[in-house]
Amino acid sequence: MSEAAMELINLEKKIGKNHIIKDLSFTIHKGEVFGLIGPNGAGKTTTIRMMVGLMKPTDGDIHILGNSIKSNFKEAIREVGAIVENPEMYPFMTGWQNLMHYARMTPGITKERIKEVIKLVGLEKPINEKVKKYSLGMRQRLGIAQALLHSPSILILDEPTNGLDPAGIREIRQYIRNLAEKENVAVIISSHLLSEIELMCDKIGVIKNGQLVAIQEVNEPVETEQVKLIEVNLEAEPIEKAASILRNKYEFKPEHKGNILSFETDRKDVPSIIKKLVEQDILIYQVNVTKTKLEDKFFDLIGENIIE
Amino acid sequence: MSNFFKLVSNELIKTYIQKSTWVMYIILVGIIIGLAALTMSFEETGDKYDQDNWREMLQQENKDLQSEMKEEEFMEGMNTSLIAKNNYYLENDIQPEGYGALQFVMENQLLLSLVSLLTIIVAAGIVANEYRWGTIKLLLIRPISRTKILLSKYISVLLFAFITLLFVLLFSWVVGAIFFGVNGLNPHIVLEKSNGFAYVPVLGEIASGYGYKLINLFMMLHLLHDINYF
Ligand SMILES: Nc1ncnc2c1ncn2[C@@H]1O[C@H](COP(=O)(O)OP(=O)(O)OP(=O)(O)O)[C@@H](O)[C@H]1O
Ligand SMILES: [Mg+2]
């Protein structure tokens with residue numbers, strides 16, 4: 001296991017009577033892309049605000065490369081680049097002027113580095129336009145550029161896919177993977193849409209009502225009962241006969257999707273089912289299976305998010 | 001140290017890129033040119049005393065002022081002091097000098113109250129706007145303490161006040177030179193001071209007048225700073 005980049009240790013946040021974050025603990029390693037998923041109001045932004053020192057934890061601590069955000073703020077934050085909530089920039093300045101502004105706040109950022117990040121996020125063309133003319137996607141890119149300027153070890157992006165078109169999301173996915181794999185950067189991304197970040201994350205933490213309800217490696221096989229089931233899509237003729245066999249012999253509830261029957265079963269049963277159908281003179285044109293998606297598991301985990 | 005200098009220049013750049021700051025300067029330019037035009041048309045600024053007969057001219061002026069006073073009572077206060085001033089020139093045998101750029105600069109000290117007002121506007125926005133734009137978050141997640149950021153903002157407001165005051169001074173001189181000409185390098189003038197009339201150099205008056213206003217401005221900002229940030 002590689003070195004820890006960020007550790008959350010029994011993090012708590014209370015504002016007035018509201019208990020917003022409850023005993024949150026997890027670790028993000030170098031070179032890992034960590035997705036923080038949760039519905040609106042789950043506490044993602046609040047957690048991120050604490051990670052970057054914009055909010056003080058009520059209890060617990062956050063360690064960034066071993067430095068406590070509470071007692072060693074400067075050393076800790078030096079290694080962090082972030083966008084918190086919306087990518088807000090000075091509207092009356094150009095993209096370039098905005099980046100120069102942030103570059104002046106950290107020693108050692110060269111003009112070459114600035115040009116490099118501009119190229120990375122694909123903002124070469126509009127960089128000399130005023131930010132107030134930017135679309136949300138362009139501001140998002142500028143926000144990411146700002147976060148990458150000082151080559152941080154940890155990149156924190158609150159809803160980075162917000163406002164991006166599919167092509168933009170694909171680009172971000174590519175360079176986030178790149179940062180993690182080639183430069184060993186730890187990336188933390190929050191989103192309420194699992195599908196948007198599932199593909200770029202190594203690990204996903206699901207947060208609900210301020211609590212971590214699940215944490216899981218994206219590629220590790222899922223162990224719960226439900227997820228062993230797979231969805232089988234079958235194109236068969238005559239379709240009604242096939243459906244009645246499935247209903248009567250196996251007690252499935254096949255769904256008709258046009259000329260395709262769709263039902264759930266255990267993977268190991270698939271060959272015998274097909275054999276049975278063929279023996280009953282049913283013509284099978286195609287069979288495909290889809291894994292029950294992480295998305296569904298996510299919804300099972302989340303249920304309803306009730307703010308207590 | 002160079003780090004702090006960069007913070008201050010960041011703040012100044014942000015202030016001067018904004019249109020609202022440019023509007024302030026355009027207003028100042030308008031007012032200064034307007035004042036010069038007004039002075040030109042309502043005051044006799046020519047070199048009317050540069051002949052040998054300047055004594056007769058002053059005496060004639062006093063007579064006119066006196067008769068005007070008899071007709072219009074409300075002129076009394078102003079005219080008496082003008083007469084007293086003319087008498088001071090006569091008694092001390094000082095030939096009055098013509099009106100020039102430096103005299104115009106001196107009179108424009110009045111504009112420094114406007115500079116104070118503009119500085120208050122800038123000072124009021126310099127922290128509040130970061131919250132309004134949402135950019136405060138990006139300022140505070142740098143390895144720089146909050147106090148240092150606030151201090152850099154405070155210093156940049158002081159510099160704004162200083163630059164604006166300098167602008168009023170220099171621009172007044174340029175406009176004055178165009179409208180009234182440059183009248184000697186070190187002209188003198190009779191002014192009414194707390195202990196009666198005195199014959200003083202205009203440059204000295206400018207230095208003490210603008211200096212005093214600047215100190216006033218800084219003290220006012222210091223109070224604002226205390227109230228706003230801590
Ligand atoms: N300053 C505050 N004072 C009181 N309650 C707050 C404050 N900030 C956030 N909350 C509450 O904390 C909870 C978590 O909010 P947070 O913004 O972290 O959610 P989120 O997961 O980022 O949601 P979203 O997906 O909508 O961005 C919400 O119930 C919110 O009402
Ligand atoms: Mg949020």
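The chains referred to below are lettered A, B, ... by the order of the sequence lines, with proteins before strands, and numbering in each begins at 1. Computed from a prediction, not measured in an experiment: that's the story for all the values here. Values below: all heavy atoms of this structure, side chains included; hydrogens, waters and symmetry mates excluded.
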Undergrad: Under 4.5 Å heavy-atom distance to chain B, tell me which part of A:Asn98 shows up: side chain, backbone, both or neither.
TA: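 Contact with chain B: none, neither part.
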
Undergrad: Can you name the closest pair of heavy atoms from A:Met89 and B:Thr135 and give their distance?
TA: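 Smallest interatomic distance, heavy atoms only, reads C-CG2, 3.7 Å.
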
Undergrad: Counting heavy atoms not belonging to B:Trp133, are there more than 12 under 6.0 Å from its CH2?
TA: yes

Undergrad: Is the OH atom of B:Tyr212 crowded by more than 12 outside heavy atoms at less than 6.0 Å?
TA: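 No.
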
Undergrad: Determine the sole option in A:Arg78, A:Met105, A:His150 for which the side chain to side chain contact (heavy atoms under 4.5 Å, CB included) test with B:Pro143 is passed.
TA: A:Arg78

Undergrad: Does A:Lys70 NZ have over 12 foreign heavy atoms under 6.0 Å away?
TA: yes

Undergrad: Please give me the minimum heavy-atom distance between A:Leu54 and B:Leu140, naming the atom from each residue.
TA: CD2-CB, 3.8 Å

Undergrad: Taking all non-hydrogen atoms of both residues into account, name the closest pair between A:Phe92 and B:Lys14 and its distance.
TA: CE1-O, 3.6 Å

Undergrad: What residue in A:Gly53, A:Gly143, A:Ala82 has the most heavy-atom pairs under 4.5 Å with chain B?
TA: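 Looking at each option in turn, the highest pair count goes to A:Ala82.
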
Undergrad: Nearest heavy-atom pair of B:Leu139 and A:His101: which atoms, and what distance?
TA: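 Nearest heavy atoms, B:Leu139 then A:His101: CD2-CE1, 3.6 Å.
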
Undergrad: Please classify the contact between A:Glu75 and chain B as side chain, backbone, both or neither, with a heavy-atom cut-off of under 4.5 Å.
TA: neither

Undergrad: Can you tell me which portion of B:Ile149 sits under 4.5 Å from chain A's heavy atoms? Options are side chain, backbone, both or neither.
TA: side chain

Undergrad: Between B:Leu138 and A:Glu88, what is the shortest heavy-atom contact and its length?
TA: CD1-O, 3.4 Å

Undergrad: Kindly compute the distance separating CD1 (B:Ile17) from CE (A:Met93), expressed to the nearest 0.5 Å.
TA: 5.5 Å

Undergrad: From B:Arg142 CZ over to A:Ile77 CD1, what is the distance, rounded to the nearest 0.5 angstrom?
TA: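 Those atoms lie 9.0 Å apart.
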
Undergrad: Heavy-atom pairs under 4.5 Å with chain B - which of A:Pro87, A:Ala76, A:Pro91, A:Gly81 has more of them than the others?
TA: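 Most heavy-atom pairs under 4.5 Å with chain B: A:Pro91.
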
Undergrad: Give the C-alpha distance, both sets of side-chain angles, the deciding distance and a yes or no for side chain to side chain contact (heavy atoms under 4.5 Å, CB included) between A:Val52 and B:Lys137.
TA: CA-CA 9 Å; A:Val52 298; B:Lys137 291 177 288 192; over 6 Å; no

Undergrad: Would you check, one step at a time, whether the test side chain to side chain contact (heavy atoms under 4.5 Å, CB included) holds for A:Tyr90 with B:Gln18?
TA: CA-CA 10 Å; A:Tyr90 299 103; B:Gln18 286 177 75; over 6 Å; no

Undergrad: Please say whether more than 12 non-hydrogen atoms of neighbouring residues, nucleotides or ligands are located less than 6.0 Å from OH in A:Tyr175.
TA: yes

